[in-house]
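All residue numbers in this chain count up from 1 along the given sequence. The figures that follow rest on heavy atoms only: side chains count, while hydrogens, waters and symmetry mates do not.
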Amino acid sequence: MDHERPDVRLVPLDRATPETTALRKELLDHELPPEQLRFTGLPAQTLPEADADPARLPYAIVVGEAVIDGEREARARCAGFGVLDANVGALPVDAPERAVLMRAYYVTPQWQGRGVGRTSCAPPLLDRSVSTVAPNAEKIVLCVNRANLSAQRAYAAAGFAFTGNIVPGNAGPQYVMARPLDIEVRPEPRPRHRRTENPQ
């Protein structure tokens, strides 16, 4: 695998398929070290919240192009998680109706430092997923803790820039970062399918 540009997919979790079922089970087992966990939540909490909100699209970060076939493969190749939220809430951003918020994002420790974070946040990969939840979005915004320097570097490498705004967070002040969407790479939006069950 090329560590500069790893082969990464974002798998939307809003449909019940054998692949998403295996990924959901694996995501519920994910853990982060305490020094990283203070900056984000784990899917055991954030995935049910996303499932219950039609404005949010949860997704798994998967290494490799092949479809996940079973729990063993999900354990080996599920590298992280994130949620796209069409409701940016009270964040200080221009034209919030044209923005989508990336939240609850993380890369697992075994995949950190290998380019997975940068690739999964950069165009064209993330931009292709945005149209599903926010077809009119023109930019992606996120909040990153002031003390989380490694995440700030990964987001900057993916094209995000500091907006100059700071908002309060559970673990201290957070910088607001944003980047424009690459409209050229976005496909036509597909209908959203809200899950009716949560496989354990």
Do the side chains of [Y] and [X] get nearer than 4.5 Å, heavy atoms only?
X      : Y      : value
Val176 : Ile166 : no
Cys143 : Leu91  : yes
Val83  : Leu57  : no
Leu142 : Tyr105 : no
Pro33  : Pro109 : yes
Leu10  : Ser120 : yes
Leu149 : Arg153 : yes

Stepwise side-chain contact (heavy atoms from CB on, under 4.5 Å) test for Thr163 and Met177: CA-CA 5 Å; Thr163 65; Met177 300 182 76; 5.6 Å; no
Test log, rule side chain to side chain donor-acceptor pair (under 3.5 Å), inputs Thr20 and Thr17: CA-CA 5 Å; Thr20 61; Thr17 68; 3.2 Å; yes
Answer yes if [X] and [Y] sit in the same cluster of Ile, Leu, Val, Met, Phe, Trp and Tyr residues linked by side chain heavy atoms under 4.5 Å apart, and no otherwise.
X      : Y      : value
Leu125 : Val63  : yes
Leu101 : Leu181 : no
Val167 : Phe162 : no
Phe160 : Val144 : yes
Val141 : Val130 : no

Classify the angle between the aromatic ring planes of His30 and Tyr106 as parallel (below 30°), tilted (30 to 60°) or perpendicular (above 60°). perpendicular
Tell me if a side-chain donor or acceptor on [X] pairs with a main-chain N or O of [Y] at a distance below 3.5 Å.
X      : Y      : answer
Asn145 : Ala171 : yes
Glu19  : Ile68  : yes
Arg9   : Gly64  : yes
Tyr155 : Cys121 : no

Test of understanding: with ring pair (Phe, Tyr, Trp, His ring centres under 6.0 Å), list the residues that count as partners of Phe81, not counting sequence neighbours. none
Mind checking the [atom1]-[atom2] spacing from [X] to [Y]? Nearest 0.5 Å is all I need.
X      : Y      : atom1 : atom2 : value
Arg146 : Phe39  : CZ    : CZ    : 11.0 Å
Gln36  : Arg38  : CD    : CZ    : 10.0 Å
Cys78  : Ile61  : SG    : CD1   : 8.0 Å
Asp53  : Asn87  : CG    : CG    : 7.5 Å
Met102 : Ser129 : CE    : OG    : 11.5 Å

For Asp29, does the CG atom sit with more than 12 other heavy atoms under 6.0 Å from it, leaving out its own atoms? yes
Under 6.0 Å from the CD atom of Glu97, do we count more than 12 heavy atoms belonging to anything else shown? yes
Hey, are Glu65 and Arg77 close enough for a salt bridge, meaning a charged N less than 4.0 Å from a carboxylate O? no
Could Lys139 and Asp127 be called an ion pair, given the rule that one side-chain N must be under 4.0 Å from one carboxylate O? no
Run the side-chain contact (heavy atoms from CB on, under 4.5 Å) check on Leu23 and Leu13 step by step: do they pass? CA-CA 8 Å; Leu23 286 168; Leu13 299 173; 4.3 Å; yes
Evaluate Glu71 against Glu26 for side-chain contact (heavy atoms from CB on, under 4.5 Å), listing each step before the verdict. CA-CA 7 Å; Glu71 294 177 16; Glu26 172 59 22; over 6 Å; no
Using side-chain contact (heavy atoms from CB on, under 4.5 Å), reason through Val62 and Val8 one step at a time and then give a plain yes or no. CA-CA 6 Å; Val62 173; Val8 175; over 6 Å; no
